[in-house]
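Step one of this worksheet: look at the structure below.
In what follows, every heavy atom counts, from backbone to side chain, and hydrogens, waters and symmetry copies are set aside. So that the names make sense, note that chain A is the first sequence line, chain B the second, and so on, each numbered from 1.
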Amino acid sequence: MHGLRRVPENLSGRGDKVMEDKYDVVVVGAGPAGSTAAYSAAKNGARVLMVDRRRELGVPVQCGEAIAEDILNELGIKPDRRWAVNRTNAVKIVSPSGIEIRISEKKVTGKVGYVLNRKVFDKFLAVRAVKAGAEAMIGSYVNGLVFKNGRIGGIRGVGLDGKFEVAADVVIAADGVGSRVARWAGLNTALRFDDIETCAQFQMVGVDFESLSMLEFYLGSRISPGGYAWVFPKGDDLANVGLGVLGSRAERRPIEYLRDFVSRMPGLSKGKIVEVNVGGVPVCGPIEETVGDSLMVVGDAARQVNPLTGGGIDSAMRAGTIAGEVAAKAVEEGDTSKERLKEYERRWKEAMGKRLTRYLKAKEILLGLSDGELDKLAEVLRGVKFDRISLTDMLKVLVKANPKLLWKLRGLL
Amino acid sequence: MEVDSSLCLRCGACVSICPVDAIEATDSYVRPNERCTDCGACRKICPVGAIK
Ligand SMILES: Cc1cc2nc3c(=O)[nH]c(=O)nc-3n(C[C@H](O)[C@H](O)[C@H](O)COP(=O)(O)OP(=O)(O)OC[C@H]3O[C@@H](n4cnc5c(N)ncnc54)[C@H](O)[C@@H]3O)c2cc1C
Ligand code: SF4
Ligand code: SF4
């Protein structure tokens, strides 16, 4: 089943420089998914190697850097000012014609979120894994799987010291949106144009926004067809200003839409761009099959991203943590078959499968609405006083005001 | 298909859309390999227009 593209079992005869070694678990990618997987596998007693092509983790940034506190609480990670640079507790959603909806969490008991510094955060998570006992190979590009008797037996690649090959009982694919590892294993994770938001972001200084504690979202087909624009404050006059455009609806490059957006916003157009980030966000919902013999797929590689918001840091960390634990246990039991690794699939689906499906449905409904219809919904929500940021709460208000909406929104409530 | 490395920000969007897994993306370069069928999907998705 896995014999799609076999490579010779031993490459060392070719005179290449080959670093031979064997690990229980090899994690490809040291983003939020990979570093949490490596951490939890190591914590559970496995010999772990984490490999990333990047020479500086977290760079280049491909992220708006907003995260809800839940995942940090879940994993017992204490927010640190070095990477949690701003605390948020409110959102503003602006409709195509400019109707503004503001929602704040209750002051004391409400949930908060953070705007991160991913360069520091990704490094922090990697260091956390290494301190738990994982080894890291940075600046090393993985370019293939090693198959042994038709089954995944390791990885190969090119690193700072030349070519290498590492054997592993379990390979965890945490290689992000451009994942290839799962594809080498025979899972087709290629995206189509309506599966991906193509994004651009400026980090800008000298800008005005409503409040440091408020994440701003702007909707409209003129601003970003099939997506939205965001302003996420990072400091006094510093913010991530970006947008995502659905691949199938993009008529221009996201960077061109972004330039237009910024120039139309007086508070932003006076700012200066100090960083440019781009990237793709998979918004198709998670892939069904996330395990194979000796293989697990986690994070963006498994498309475990909230399809409505495009947020994927939390899911990546949640899935990574489960995958690492299951990998370590499976290795210890001497059974790394697909059947055994399915525990990971069962558990991540339990933890977030329903929620991701619901957001996927919500995204599909939103994509079916015209700018005019969005304005009408915004009109209904405008005057309402919400005391938490919740999709369900907003939907309830909408259906109450406009019962005809119910058939469109059914299944979401 | 060719990637203008002075524009490319190595984001991986092109890799995710390539139907035949033909793009190598390291920390230093992004380029198609011999499997490329010149379908143009990567060119269309690139956020900065780095693919010619
Ligand atoms: C513009 C933009 C804005 C976003 N905003 C937000 C936001 O505000 N909040 C949020 O929660 N999410 C956001 N996301 C999504 C979020 O960035 C991802 O969901 C998250 O980074 C996924 O983590 P990951 O570990 O799965 O993948 P990644 O963080 O992409 O990590 C994958 C790692 O694998 C490495 N790698 C890949 N291939 C190989 C290989 N062949 N060999 C070796 N190493 C390899 C890469 O170098 C990388 O370090 C945004 C995304 C984009 C593009
Ligand atoms: S999509 Fe464009 S910017 Fe991103 S890696 Fe490909 S060529 Fe580079
Ligand atoms: S042109 Fe098509 S086949 Fe060639 S690299 Fe781009 S997406 Fe892949």
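Looking at B:Asp27 and A:Arg54, no side-chain N of the basic residue comes within less than 4.0 Å of a carboxylate O on the acidic one, giving no salt bridge.
Here the closest heavy-atom approach between residue A:Gly279 and residue B:Cys11 is recorded as CA-CB, 3.6 Å. For B:Ser16 against A:Arg303, the heavy-atom pair with the smallest separation is CB-NH2, 4.3 Å. The minimum heavy-atom distance between B:Asp21 and A:Trp184, with the atom names listed, is OD2-NE1, 3.0 Å.
Side-chain contact, B:Ser28 with A:Arg53: no donor N or O sits under 3.5 Å from an acceptor N or O.
Between the side chain of B:Glu24 and the main chain of A:Asn143, no donor-acceptor pair closer than 3.5 Å is present. A donor-acceptor pair under 3.5 Å links the side-chain atoms of A:Thr198 to the main chain of B:Ile45, judged by distance alone.
Under a cut-off of 6.0 angstrom, the local environment of NZ in A:Lys123 is sparse, with at most 12 non-hydrogen atoms contributed by other residues, nucleotides or ligands. Open room surrounds CZ on B:Arg31; 12 or fewer heavy atoms of other groups in view lie less than 6.0 Å from it.
Expressed to the nearest 0.5 Å, how far CD1 of A:Ile255 lies from CG of B:Leu9 amounts to 7.5 Å.
When the candidates A:Glu256, A:Glu56, A:Gln62, A:Arg192 are compared by the number of heavy-atom contacts under 4.5 Å with chain B, A:Gln62 comes out ahead. Across B:Gly12, B:Pro47, B:Gly49, the residue that shares the most heavy-atom pairs under 4.5 angstrom with chain A is B:Pro47. Residue with the most contacts toward chain B among A:Val177, A:Val59, A:Asp175, A:Val142: A:Val177 (heavy-atom pairs, distance under 4.5 Å).
Of residues 244-254 of chain A, those residues with a non-hydrogen atom less than 4.5 Å from any non-hydrogen atom of chain B are, in numerical order, A:Gly247, A:Arg253, A:Pro254.
Within the 4.5 angstrom heavy-atom criterion, no atom of B:Cys14 approaches chain A.
Applying the side chain to side chain contact (heavy atoms under 4.5 Å, CB included) criterion to A:Glu275, with sequence neighbours excluded, gives A:Val61, A:Lys119, A:Gln203, A:Asn277.
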